[in-house]
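What follows is a short report on a single structure.
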Amino acid sequence: MNKIDRKLARRSYRTKQSIGARMSEYLTYIWRPVTGGRHAFPIAAKKTPPGETVTAFCGAETDAAQLHDRSEVDWIREETCMRCWRILAARMSRHHPRM
Ligand SMILES: [Zn+2]
């Protein structure tokens, strides 16, 4: 662990301490390049077994299997879903006015 990593680890620890559990739900999402774009999904989607449907923040639905086994090529090929992006940005600015 280098100096910067330690600094970041300390900072994120403090952030969690001061803001508390309420904050964590707003940081628990993942971006995944699934059919039709790179969407943001709640982190729980990662644990959803293949065959079940997961829903992105914008409402797009996909098989949970789509969240796994994605290559770098998929990331380059798919465009970021702007609806997901805006929804997350709005959540962020509500909780971090300066970001
Ligand atoms: Zn989306």
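Counting starts at 1 for both ligands and their atoms, following the listed order. The analysis underlying the following values was restricted to heavy atoms, covering all of them including side chains, and did not include hydrogens, waters or symmetry mates.
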May I have the step-by-step check of side chain to side chain contact (heavy atoms under 4.5 Å, CB included) for Ile30 and Phe41, ending in yes or no? CA-CA 5 Å; Ile30 48 168; Phe41 292 87; 4.1 Å; yes

Report, one line per pair, each donor and acceptor closer than 3.5 Å where one atom sits in a side chain of residues 50-62; sequence neighbours left out.
none

Donor-acceptor list for residues 82-90 side chains, cut-off 3.5 Å, not counting sequence neighbours:
none

Within the side chain of Glu78, is there an N or O that forms a donor-acceptor pair under 3.5 Å with the backbone of Gly37?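 Yes, the answer is positive, given that a donor and an acceptor are paired below the 3.5 Å cut-off.
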
Hey, which protein N/O/S atoms does the Zn ion (ligand 1) have under 2.8 Å?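 Within the sphere that stays under 2.8 Å of the Zn ion (ligand 1), the protein atoms of type N, O or S are His39 ND1, Cys58 SG, Cys81 SG, Cys84 SG.
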
Write out all pairs satisfying side chain to side chain donor-acceptor pair (under 3.5 Å) with one or both partners inside residues 38-51, taking only residues at least two apart or from two chains.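 Of all non-adjacent pairs touching residues 38-51, those that pass side chain to side chain donor-acceptor pair (under 3.5 Å) are Arg38-Thr80.
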
